[in-house]
Amino acid sequence: MTAPPADAVTPARTAALAVRDLHVDFDGPEGPVPAVRGVDLTLNPGEVLGLVGESGSGKSTVALAAMGLLPRTARVRGSVLAGGTELLGAGEKALSRLRGSRVAMVFQDPLSALTPVHRIGDQIAEAVRVHQDVTREQARRRAVELLDLVGIPDPARRARAYPHEFSGGMRQRAVIAMAVANDPDVILADEPTTALDVTVQAQILDVLRTARRETGAALLLVSHDLGVIAGMADRVAVMYAGRVVESAPVDALFAAPRMPYTIGLLGAVPRPDTGGRPLTPVPGSPPDLRKLSGGCPFAPRCPLADDACGDEPALTGTGDDHDHLAACVKTPGPGLYPVPEIPPATAGAEAPRSERPAVLRVQGLAKTFPVFKGTAFRRRVGSVYAVDGIDLDIRRGETLGLVGESGSGKSTALMEILRLAAPEAGEVEILGRSAAGLTKRQAHALRGSVQIVFQDPMASLDPRMPVGEIVAEPLRAQGHGRADAAGRIPRLLELVGLEAAHADRFPHEFSGGQRQRIGIARALAVEPELLVLDEPVSALDVSVQAGVLNLLQRLKRELGLAYLFVSHDLAVVRHIADRVSVMYLGRTVESGPVEEVFARPRHPYTQALLSAVPVPDPSRERARERILLAGDPPSPAVRDEGCRFRGRCPLYAALGDAERSRCEGVRPAPRSLGGDQVAACHFAAG
Amino acid sequence: MSPTVLAYLTKRLGYYALLLAVAVFLSYVLSSLALSPRGYFEGRQPPPPAASVEAQLTELGINDHTPLMERFGTWVSHAVRGDFGRTIDSSSVGEEFGRRIGVSLRLLFAGTLLGTVAGILAGAWGALRQYRFSDRAVTVFAFLLLSTPTFLLAVLLKLGAMKVNQAAGTELISFTGEKTPGLSGSAGTLLGDRAAHLLLPTLSIALGTAAAYSRYQRGTMLDVLGSDFLRTARAKGLTHRRAVLTHGLRTALVPMSTFFAYGFLALFTGAAFTEKIFGWHGMGSWFIDAIGKSDVNSVVAVNVFAAVMVLLSGFLADVLHAALDPRVRTS
Amino acid sequence: MTTTATVPTADPAASAPPAARGRGRVALRRFAANRNALTGAVVLLLLFLLAFAGPYLTPWSHTDIDYSALREAPSADHWWGTNRIGQDVYAQVLHGLQKSLLIGLLTALTATVLASVVGACAGYFGGWTDRIMTFFIDLLLVFPAFLIIAIVSPRLRERGWIVFVGLLAVFGWMITARVVRSMTRSLKEREFVRAAQLMGVHPLRIIARHILPNVSSFLIVDATIAVGGAVMSETGLSYFGFGVQPPDVSLGTLIADGSDAALTYPWMFFFAAGLLVVFVLAVNFLGDGLRDALDPTSGHHRTRRRPRRKGTTHDRAAR
């Protein structure tokens with residue numbers, strides 16, 4: 001035993017779930033690889049325990065180990081008690097009696113969590129019948145009730161649907177329905193909303209609250225999202241390198257974190273409610289668990305680390321505070337992490353906005369995709385109106401945040417803009433030149449002025465090319481000689497915080513943050529004026545993300561770049577953008593300066609979107625009024641004469657018949673609502 | 001069946017018809033150019049008079065003095081009415097076909113069925129016991145069978161049977177033809193005789209089929225075993241075994257539908273060897289003999305049959321896929 | 001942020017730069033750990049040695065006839081015996097093995113090159129290019145390959161075995177091309193290809209620099225297994241007299257000649273048959289091992305596929 005039970009308040013026997021000294025190793029080609037290294041957790045009946053950590057911290061492994069659902073390559077030691085029953089080492093038969101009935105689980109990826117070949121209702125009914133002695137018919141009826149409970153409209157009909165006919169959010173509801181089918185004492189939710197859009201995330205979190213209310217179950221909520229944790233958890237445990245490094249009631253943890261890692265995490269996460277605050281990235285990246293030295297695993301990244309950190313610290317409280325435990329021998333003060341310096345803007349970008357030249361102007365852009373049936377003789381059966389009227393305006397030295405959920409057409413819009421050809425409808429003007437009139441040669445030359453950075457740094461770098469060649473590729477495509485291109489590589493790599501010597505390595509030798517820096521270096525190689533950033537940090541951990549965001553801000557100021565920053569993460573947009581443009585189902589619904597839009601959203605969709613974003617601040621989260629949108633966005637394959645949002649619009653629901661007919665029949669035009677702010681809504685308040 | 005599925009299937013059939021038409025045309029042209037029925041007739045002993053050869057060739061519609069396109073036109077105009085002409089020995093191709101197809105089917109049916117079922121079971125079992133001794137043994141055995149060409153397997157089986165018969169001093173295992181010629185007796189005796197003749201061909205087909213399917217099934221099964229939905233099923237409280245049976249096996253069979261369909265086709269080519277070696281007079285041996293006799297009409301007929309089989313397999317794969325996978329049905 | 005339930009080190013992002021020195025080494029280590037594959041590689045090497053160096057060890061060539069030794073059992077003079085007209089079986093089998101190996105290698109190489117070019121172009125360019133190439137692929141699949149080769153090859157007898165290689169290759173690339181096509185289509189959606197497109201890199205250059213290197217693992221594995229397949233087809237056709245023609249010999253013709261006398265004069269049959277099976281088996285083991293080593297998405301080395309976070313992928317799925 002290395003540490004005393006993390007929270008010895010409740011004895012393990014009466015806890016809903018008690019994890020004691022849990023170790024998990026995975027068999028690797030070179031011996032066992034530790035993933036969890038001595039974790040103690042106590043989940044009291046009815047409470048919500050948030051388990052926070054970045055990728056590789058072992059948080060999901062803890063949840064899966066508790067259920068006995070780890071793959072066969074896992075070696076698990078320690079103890080997991082569920083209501084006094086030991087789960088570790090129990091046989092598959094005994095475990096399967098507990099799984100689903102006493103302890104239930106909700107998984108991260110709803111798209112793959114359901115068996116594709118069985119009906120949703122049958123899969124839920126199966127969960128009922130495994131543990132309860134009921135007839136097939138009774139189980140089926142119960143499944144419909146459960147679907148109703150988790151908020152699926154028309155449950156009797158939807159129960160007969162197959163998983164692929166459900167949206168991601170609806171599938172997650174179905175999985176939750178399965179989890180609560182047998183009234184469990186404990187629900188383990190492993191990143192239940194990570195794969196979902198923010199408005200759907202708000203719905204699912206609400207369903208989880210309902211599920212808890214109905215069953216009285218305790219909830220272990222595993223998440224990387226500090227905002228989600230702040231809004232849901234009673235207590236929080238922070239994991240790092242396979243151990244719990246801090247554990248405290250939610251308010252104490254967010255208000256007065258004690259472990260430098262937690263402090264770093266909170267300083268690195270952008271918040272949707274306060275902009276402009278510089279983010280303080282945590283230097284370095286998480287350790288390789290195979291190569292731990294035996295000291296504090298955070299020491300290599302910790303500004304306070306000294307000789308005293310040579311032994312791995314135990315999780316302890318201070319004085320008589322037994323609720324707030326931290327694994328750190330130091331007492332961190334304020335200003336632990338240095339605040340990065342963002343250089344002032346270069347001359348030219350300082351001029352008033354209206355005097356600066358437009359880098360990108362988009363007016364009424366539209367793009368439809370044909371829908372085909374059949375594979376051999378394909379026949380067009382309809383159209384998807386993926387982009388159906390988008391307006392954008394970016395001036396020199398400015399960042400425009402383009403915000404929208406899945407299916408809003410953000411990426412399609414990007415591709416249409418970057419195609420540098422005449423759009424299907426509307427106008428695209430880059431650096432003052434209309435894309436419609438470009439010759440092939442002109443378009444090719446213009447490609448040098450507009451570059452893109454993609455979401456997934458692994459996918460956007462060819463795994464078979466050394467970094468030097470990757471960065472040189474746009475130069476070569478623009479006709480630079482091999483030697484000339486090679487000569488520029490070292491400076492480019494240094495510009496983004498890498499070393500010139502890295503040019504010979506391959507992408508897989510770098511961490512996620514470094515890879516994204518390579519992507520940025522490649523984009524900068526041809527000295528563009530506009531950088532299109534397609535979800536550039538959404539694949540990165542918070543502590544790494546902050547570093548990349550700071551880099552982008554620095555580059556913008558130093559090089560006078562303009563950014564089109566596409567993101568689903570409103571907190572990030574709030575942090576980095578000067579202006580914001582909100583999309584819904586292919587149309588721009590609101591745009592304006594970022595402070596104004598975030599402070600006073602005018603369009604009902606923007607209002608709902610902003611209210612759905614979790615804030616990493618428990619007291620604020622609890623006090624917030626949420627606008628929960630009903631359902632999912634409708635199909636973009638339906639051409640709508642009126643407002644595309646009205647089906648989910650809370651404002652529309654409150655309107656009279658005459659006014660409603662306007663929403664149904666007349667497409668709302670962008671309307672200026674004071675200053676620079678524009679919203680496409682007939683009834684938005686001025 | 002929903003209208004969308006029906007429409008989809010109709011479209012598929014249209015495409016197939018186009019493919020078939022082009023394939024048949026090319027087969028006819030190739031066969032006519034490559035084979036020389038004139039040479040076959042002229043090589044007879046005693047050499048027939050030139051006029052008679054000419055007349056016979058014209059009669060059969062394979063006279064190389066008639067322009068190729070004209071010959072093809074005549075052939076098509078008969079073929080669409082179901083008349084595939086006459087063999088070089090002047091019997092009806094259609095009748096020959098009817099006789100041969102029955103022989104081939106009797107030869108293939110038991111072996112295919114047995115091989116498919118055994119292969120799927122062995123594959124699923126191997127996947128569940130991945131890396132244990134039994135899995136390794138099945139794997140090595142399957143590889144050994146896959147590395148033995150069909151004709152060699154058939155020859156080896158035949159040699160084995162000969163050894164057994166030698167040792168027993170009597171013909172325990174028969175390996176020539178479909179039945180013992182001239183054998184009379186009760187229905188039971190005759191049936192037993194047929195079964196004895198079927199043993200080796202069935203085995204040679206079943207072994208190869210089973211080996212191939214066991215590899216495919218093991219692969220799809222391993223994919224499914226690591227899937228999230230299987231984990232969900234276990235999280236509901238299903239034991240590993242039950243989760244695999246109710247959720248895994250069904251899903252793992254979906255990608256197999258393609259293999260079922262095309263396996264059918266591969267068999268037909270394999271059957272040519274099997275038929276020839278075990279002396280069955282089915283489609284395969286007909287084809288090989290027809291080439292030897294430059295029998296253009298027979299060769300083309302077998303080609304058409306084979307092409308139809310391929311297309312049918314593809315069609316069958318689609319239907320099976322749609323039946324097994326709800327995702328295909330709606331999209 | 002993604003989470004994973006499997007081995008954390010499977011994520012290369014977690015390991016420090018010096019940890020891995022190229023995927024080549026990883027592949028090599030995985031390959032070396034696979035005993036079947038290693039055995040296969042060694043056996044193949046030995047077979048090649050035997051086929052190309054072996055004939056120099058005996059004074060007999062495959063056409064020599066020793067009238068003093070008909071149907072003779074293996075002896076010091078004729079190591080693997082003689083056949084019914086007094087030819088040395090060792091020399092004949094080795095010559096046949098040589099021919100079969102050459103035919104197999106050339107066929108697999110030609111077919112793979114054809115498949116990768118057609119598949120990559122069809123998948124990358126899409127539209128009418130794709131439709132025409134797909135029709136062509138389907139057409140060749142509808143053609144009963146075995147039958148067509150059987151019809152045509154006797155006609156091309158005089159041109160020698162190289163024509164036979166061409167025929168086998170022409171009917172042996174379609175399935176591979178289909179796979180390459182679908183791999184290309186998904187690669188085309190990958191961001192690094194998109195990035196290259198948006199930089200203005202020429203399509204053919206994208207195919208050569210990004211698409212083909214990324215399907216190379218599959219192609220290597222497929223070509224390996226295709227060697228086995230080609231040898232099986234060759235021997236099968238030759239067995240019936242549709243392949244290699246006398247006086248040339250291949251394993252197929254040797255097996256055909258020896259099978260009738262297999263019980264009385266086993267050496268005429270079993271050396272050729274045994275070498276054939278051993279060769280194909282070795283190729284299959286090697287291919288299987290290469291697949292595990294090179295292709296991280298196949299078989300048991302796979303790690304759980306991580307769901308991407310929301311954003312671009314869903315937008316594209318809307319198409």
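In the text below, chain A, chain B and the rest are named by the order of the sequence lines, each starting its count at 1. The figures here come from the full heavy-atom set of this structure, side chains too, leaving out hydrogens, waters and symmetry mates.
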>> For a side-chain contact (heavy atoms from CB on, under 4.5 Å) check, start with the C-alpha distance between T148(B) and L281(C), then their side-chain angles and the critical distance, and finish with the verdict.
In response: CA-CA 8 Å; T148(B) 312; L281(C) 189 62; over 6 Å; no

> Checking L152(B) against chain C: side chain, backbone, both or neither under 4.5 Å from a heavy atom?
Replying inline: side chain

> In terms of heavy-atom pairs under 4.5 Å, which option from V140(B), L225(B), I288(B) contacts chain C the most?
Replying inline: I288(B)

> Given the rule in the side-chain contact (heavy atoms from CB on, under 4.5 Å) test, do F269(C) and L156(B) qualify, once you have shown the distances and angles that lead to the verdict?
Replying inline: CA-CA 10 Å; F269(C) 173 77; L156(B) 287 172; 3.8 Å; yes

> So which part of I151(C) gets closer than 4.5 Å to some heavy atom of chain B, the side chain, the backbone, both or neither?
Replying inline: both

>> Quick check on the interface: out of L311(B), L146(B), V299(B), L20(B), who has the most heavy-atom pairs with chain C under 4.5 Å?
In response: L146(B)

>> Less than 4.5 Å to any heavy atom of chain C: does that hold for the side chain of K158(B), its backbone, both, or neither?
In response: neither

> Hey, what do you get for OG (S147(B)) to CZ (F279(C)), rounding to the nearest 0.5 Å?
Replying inline: 10.5 Å

>> Under a 4.5 Å cutoff for heavy-atom pairs, which residue among V278(C), L140(C), I255(C) has the most contacts with chain B?
In response: I255(C)

>> Test side-chain contact (heavy atoms from CB on, under 4.5 Å) on M309(B) and V142(C); report intermediate values, then the result.
In response: CA-CA 9 Å; M309(B) 290 304 278; V142(C) 168; over 6 Å; no

> Using 30° and 60° as the class limits, which term best fits the ring planes of Y15(B) and F135(C): parallel, tilted or perpendicular?
Replying inline: perpendicular

> Which one, S27(B), S36(B), A290(B), G292(B), leads in non-hydrogen pairs under 4.5 Å with chain C?
Replying inline: S27(B)

> So how far is it from N284(C) CG to R215(B) CZ, rounded to the nearest 0.5 Å?
Replying inline: 9.5 Å

>> Please check if the number of heavy atoms outside H240(B) that lie under 6.0 Å from its NE2 is greater than 12.
In response: yes

>> Are more than 12 heavy atoms, taken from residues, nucleotides or ligands other than F48(C), located less than 6.0 Å from that residue's CZ atom?
In response: yes

> How many angstroms lie between CD1 in I137(C) and CG in L19(B), if you round to the nearest 0.5 Å?
Replying inline: 11.5 Å

> If we only count heavy atoms from C-beta on, is the Y239(C) to I277(B) side-chain gap below 4.5 Å?
Replying inline: yes

> By a 4.5 Å heavy-atom criterion (distance strictly below it), what part of V22(B) contacts chain C: side chain, backbone, both, or neither?
Replying inline: both

> Does any heavy atom of chain C fall under 4.5 Å from the side chain of R136(B), the backbone, both, or neither of them?
Replying inline: neither

> Can you check whether I148(C) reaches L26(B) side chain to side chain, under 4.5 Å on heavy atoms?
Replying inline: no

> What part of S294(B) gets closer than 4.5 Å to chain C, counting heavy atoms only: side chain, backbone, both or neither?
Replying inline: neither

> Can you list the steps and then say if F151(B) with L237(C) is a side-chain contact (heavy atoms from CB on, under 4.5 Å)?
Replying inline: CA-CA 10 Å; F151(B) 76 92; L237(C) 284 159; over 6 Å; no

> Which region of L144(B), side chain (C-beta onward) or backbone (N, CA, C, O), has a non-hydrogen atom less than 4.5 Å from a non-hydrogen atom of chain C, or is it both or neither?
Replying inline: both

> What part of F287(B) lies closer than 4.5 angstrom to a heavy atom of chain C: side chain, backbone, both or neither?
Replying inline: side chain

